[in-house]
Amino acid sequence: MKTLSLAILLCVLTIGSSFAQGGNEVRDAGNAYYNGYQNSYQSLIPRTVTQFVNDTIMLVTITGLYNAKADNYTSTFALTQYGSTVDSATMFITERLKKFTDQLKKLGIKTADISIDEISQVPVYSYSVDKKLFSSTYNEIPTGYEIKKNIIVGYSDANLMDDIMTAAAKSEIYDIVKVDYNVNDIALKYSQLRKDCLKQIKEKVEDFAAMGLKFQPLQQTFTEASGAHYPLERYTQYTAFNNSQVQATAVEKGAHVNSAAKSTTYYYNKVPYNQFDVVINPNMVEPGVQFTYSVSIKYVMKGVDKPVGLTAPIAKVETPKKQPQSGKVVKMKLPTSVDFKFDTDGE
């Protein structure tokens with residue numbers, strides 16, 4: 001496994017952006033979950049497991065991490081061949097590939113696990129000079145051909161990587177492009193993560209219920225998210241050194257100070273566990289694939305039970321009793337005729 005890690009280090013020599021603090025320089029190699037040594041172990045962000053959206057809604061979030069060992073590996077080697085003609089270049093690269101594949105078969109790697117990927121076949125140009133009396137002309141002409149191919153090797157025993165690299169070097173193949181980690185039954189890994197995270201949520205809600213909180217049984221919202229982090233994106237470049245301080249008075253006038261080259265290495269920077277509630281296989285030492293899962297459930301709390309209808313006492317209103325009528329009849333006598341008298345002038 002140590003040799004396999006070395007192969008990955010060679011794959012990421014040209015990747016990464018750098019930052020420095022004091023005498024240590026750390027560079028992030030790839031799209032890492034955290035950017036380098038400082039962010040991984042110093043700038044820790046507190047996570048929120050339970051939060052109240054408002055007075056009646058509570059959001060519970062649980063995150064999980066599954067460290068999975070690779071079931072098999074795929075290494076990609078690149079080789080380039082030059083030749084004065086296409087035929088000569090093809091002959092030379094074919095001989096190198098055959099020598100390499102023969103060595104791989106002796107290591108127990110099957111033909112079905114070896115694949116040749118054709119990359120390019122292009123002419124190589126140079127300039128010829130056509131000199132005249134008062135001028136020179138540079139003409140670009142083809143002088144040969146370049147063929148590029150990749151050879152992809154699959155294997156299940158990580159300890160074979162050392163022998164594979166030796167066989168490649170004997171065939172003049174030195175460029176290790178990358179090493180892929182392959183995991184079987186990925187769905188089962190996520191299923192196990194989901195079960196463990198939901199179990200954690202259930203226990204947490206039961207603890208809240210023991211404190212007196214009650215939740216509506218049907219008003220819940222469920223969301224989830226998942227992801228994976230492979231070793232190729234988790235390697236970080238690291239340079240450690242302690243600069244010596246040169247006193248200006250101790251240096252002769254006009255002298256130059258040449259600093260020594262600093263050794264650069266890489267290390268596997270796994271996703272740290274501080275952001276997770278559930279971690280499966282936490283003690284895995286070798287680099288592997290890290291699967292992540294997050295689940296959030298929104299709970300709506302119950303209010304205080306109240307009786308249905310009016311809660312204030314109803315005032316008593318008495319209706320007046322109907323007075324009984326007496327049997328006496330009142331009669332009114334109206335005049336049968338009315339006399340009108342009008343006065344006129346002159347009479």
Go through it in stages, so that I can follow the logic: the residues are Lys204 and Ile62, the test is side-chain contact (heavy atoms from CB on, under 4.5 Å), and I'd like the CA-CA distance, side-chain angles, deciding distance and then a yes or no.
CA-CA 10 Å; Lys204 191 174 294 293; Ile62 297 294; 3.9 Å; yes
So do Leu193 and Phe276 actually touch side chain to side chain, heavy atoms under 4.5 Å?
no
Can you tell me how the ring of Tyr268 sits relative to the ring of Tyr235, calling it parallel under 30°, perpendicular over 60° and tilted otherwise?
tilted
Out of curiosity, Ile173 CD1 to Lys99 NZ, how far, rounded to the nearest 0.5 Å?
10.0 Å
When you look at Tyr238 and Tyr266, which way does the ring-ring contact (aromatic ring centres under 6.0 Å, His included) test go after all the steps?
CA-CA 6 Å; Tyr238 178 74; Tyr266 286 81; over 10 Å; no
Before giving the answer on side-chain contact (heavy atoms from CB on, under 4.5 Å), spell out for Leu107 and Tyr155 the whole-Å C-alpha distance, their side-chain angles and the decisive distance to 0.1 Å.
CA-CA 10 Å; Leu107 296 175; Tyr155 50 97; over 6 Å; no
Is the closest side-chain donor-acceptor distance between Ser294 and Thr63 under 3.5 Å?
no
Hphob cluster co-occupancy, Ile152 + Ile114, side-chain heavy atoms under 4.5 angstrom:
no
Pairwise distance CD1(Ile297) to CG(Leu198) - rounded to 0.5 angstrom:
6.0 Å
If I compare all heavy atoms of Tyr181 with all of Gly288, which pair ends up nearest, and what's the gap?
CD2-CA, 4.4 Å
Is Met58 reachable from Phe222 through a run of hydrophobic residues whose side-chain heavy atoms are each under 4.5 Å from the next?
yes
Just jot down the side chain to side chain contact (heavy atoms under 4.5 Å, CB included) partners of Met284, sequence neighbours excluded, or say none.
Asn67, Lys69, Glu286
Interatomic distance, Thr292 atom OG1 to Leu65 atom CG [nearest 0.5 angstrom]:
7.0 Å
Using the rule given for salt bridge (charged side-chain N to carboxylate O under 4.0 Å, His left out), can you reason through Lys106 versus Asp102, listing the C-alpha separation, both sets of side-chain angles and the distance that settles it, and then say yes or no?
CA-CA 7 Å; Lys106 292 180 180 179; Asp102 289 343; over 6 Å; no
Contacts under 3.5 angstrom, residues 88-97 side chains, donor-acceptor by atom type, not counting sequence neighbours:
unit_1	atom_1	unit_2	atom_2	d
Ser88	OG	Ser84	N	3.4
Ser88	OG	Thr85	N	3.1
Ser88	OG	Thr85	O	2.9
Ser88	OG	Thr85	OG1	3.1
Thr90	OG1	Val86	O	2.8
Thr94	OG1	Thr90	O	2.6
Arg96	NE	Ser171	O	3.4
Arg96	NH1	Thr80	O	2.9
Arg96	NH1	Gln81	OE1	3.0
Arg96	NH2	Glu172	O	2.6

Assess whether ring-ring contact (aromatic ring centres under 6.0 Å, His included) is satisfied between Tyr190 and Phe291, documenting all intermediate values.
CA-CA 7 Å; Tyr190 282 122; Phe291 298 99; 5.4 Å; yes
Is there a path of hydrophobic side-chain contacts, each under 4.5 Å between heavy atoms of I, L, V, M, F, W or Y residues, that connects Tyr82 with Phe77?
no
Which one of Val179, Asn150, Ile151 satisfies the side chain to side chain contact (heavy atoms under 4.5 Å, CB included) criterion with Thr76?
Asn150
With a 4.5 Å cut-off on side-chain heavy atoms, are Asn72 and Asn184 touching?
yes
Apply the test side-chain contact (heavy atoms from CB on, under 4.5 Å) to residues Leu79 and Phe100: give CA-CA distance (whole Å), side-chain angles for both, the deciding distance (0.1 Å), then the verdict.
CA-CA 11 Å; Leu79 62 160; Phe100 186 33; over 6 Å; no
Is any side-chain heavy atom of Tyr73 closer than 4.5 Å to a side-chain heavy atom of Met161?
no
Ile186 vs Val289, test: side-chain contact (heavy atoms from CB on, under 4.5 Å). Steps then yes/no.
CA-CA 10 Å; Ile186 295 179; Val289 182; over 6 Å; no
Shortest non-hydrogen contact from Val124 to Tyr145?
CG2-C, 4.0 Å
Interatomic spacing from CG in Asn269 to NE2 in His229 - rounded to 0.5 Å
11.5 Å
side-chain hydrogen bond (donor to acceptor under 3.5 Å, both in side chains) assessment of Gln192 paired with Asp196:
CA-CA 6 Å; Gln192 183 64 44; Asp196 289 358; 3.1 Å; yes
